[in-house]
Amino acid sequence: MSDDAVRRVFRSVDSFDPDEFGRLLAEDATMVFGNAEPLVGREAIVAGLREFYSTIGGLQHRIVRNWQVDADVIAETEVTYRRLDGKDASAVAVSIWRTRDDGLISDYRIFVDLAPVYAV
């Protein structure tokens, strides 16, 4: 997967449009966000993203670096979240995903501490 493809994934996430991200996923994809229960299937992932997006005002990823090992991509990012109160909060995140031969993502995992985003 090229750097352009990694940027395309994060542009999709940052679009704040769960359906756009869903188009990158295999129908039977799984997503795990931190220690949450896995979301299984494109429809469940899109619904989960829609729910998550309702708790923030927006987000923007800055790719720090990324690696590819066979079909797996590992990306370190700095993410700026727009809170619902209009303030910004930043966090470092690592995303790991596996891409099938057809280019669709079959497994996506996100590791981030969102405490600053929801701090009072």
Side-chain angles (χ1 to χ4, degrees):
M1 176 168 279
S2 69
D3 287 349
D4 286 341
V6 172
R7 282 192 289 276
R8 180 173 46 94
V9 167
F10 288 112
R11 272 196 309 271
S12 175
V13 173
D14 293 345
S15 75
F16 220 54
D17 178 355
D19 293 313
E20 181 175 331
F21 182 72
R23 287 189 281 279
L24 301 177
L25 302 172
E27 186 65 39
D28 61 348
T30 58
M31 175 184 263
V32 180
F33 198 107
N35 61 354
E37 288 295 315
L39 298 172
V40 180
R42 181 186 301 141
E43 189 174 308
I45 294 168
V46 168
L49 279 176
R50 188 167 282 113
E51 182 178 326
F52 172 63
Y53 285 168
S54 75
T55 70
I56 59 174
L59 72 165
Q60 181 68 46
H61 288 78
R62 184 179 77 76
I63 301 167
V64 175
R65 71 189 109 212
N66 63 82
W67 304 264
Q68 182 170 356
V69 179
D70 300 323
D72 296 320
V73 174
I74 305 159
E76 177 187 353
T77 58
E78 292 176 354
V79 190
T80 302
Y81 296 90
R82 174 62 47 99
R83 294 165 32 133
L84 292 178
D85 64 6
K87 296 178 183 174
D88 288 341
S90 295
V92 173
V94 172
S95 299
I96 303 170
W97 65 86
R98 175 170 290 250
T99 305
R100 301 185 329 186
D101 290 341
D102 63 4
L104 295 176
I105 295 170
S106 61
D107 185 56
Y108 197 98
R109 297 167 187 269
I110 304 164
F111 301 92
V112 62
D113 178 5
L114 291 178
V117 177
Y118 300 106
V120 180

State whether a side-chain donor-acceptor pair under 3.5 Å links T30 with D107. yes

Do [X] and [Y] make a side-chain contact, defined as non-hydrogen atoms from C-beta onward lying under 4.5 Å apart?
X    : Y    : result
V92  : F111 : no
L104 : L24  : no
I45  : L25  : yes
I63  : V6   : yes
T77  : F10  : yes
V73  : W67  : no
H61  : L59  : yes

I'd like to check the salt bridge (Lys or Arg N to Asp or Glu O under 4.0 Å) partners of [X]; sequence neighbours left out, ordered by chain and number.
X   : answer
R11 : none
E43 : none
E27 : R42
D85 : R83

Please list, chain by chain and in numerical order, all residues satisfying side chain to side chain contact (heavy atoms under 4.5 Å, CB included) with D19, sequence neighbours excluded. D17, R23, V46, R50

With sequence neighbours excluded, residues passing side chain to side chain contact (heavy atoms under 4.5 Å, CB included) with D4: S2, R7

Donor-acceptor contacts under 3.5 Å from residues 112-120 side chains, at least two apart:
{"unit_1": "D113", "atom_1": "OD1", "unit_2": "A115", "atom_2": "N", "d": "3.0"}
{"unit_1": "Y118", "atom_1": "OH", "unit_2": "T55", "atom_2": "OG1", "d": "2.6"}

Between [atom1] on residue [X] and [atom2] on residue [Y], distance to nearest 0.5 Å:
X   : Y   : atom1 : atom2 : result
K87 : R82 : NZ    : CZ    : 12.0 Å
D88 : I56 : CG    : CD1   : 11.0 Å
Y81 : Q60 : OH    : CD    : 11.5 Å

If you apply the rule side chain to side chain contact (heavy atoms under 4.5 Å, CB included), what do you find for M31 with I110, and how did you get there? CA-CA 8 Å; M31 175 184 263; I110 304 164; 4.2 Å; yes

Residue pairs, two or more places apart or on separate chains, that pass salt bridge (charged side-chain N to carboxylate O under 4.0 Å, His left out) and touch residues 52-64: R62-E78

Which pairs with one or both residues in residues 16-36 pass ring pair (Phe, Tyr, Trp, His ring centres under 6.0 Å), sequence neighbours excluded? F16-Y53, F21-Y108, F33-F52

Apply side-chain hydrogen bond (donor to acceptor under 3.5 Å, both in side chains) to S12 and list each qualifying residue two or more places apart in sequence or on a separate chain. none

Among residues at least two apart in sequence or on other chains, which ones pass side-chain hydrogen bond (donor to acceptor under 3.5 Å, both in side chains) with S106? none

For residues V79 and A93, report the shortest heavy-atom separation together with the two atoms involved. CG2-CB, 4.0 Å

Using atom types as modelled, flag every donor-acceptor pair under 3.5 Å from a side chain in residues 34-41 to any protein atom, sequence neighbours excluded.
none

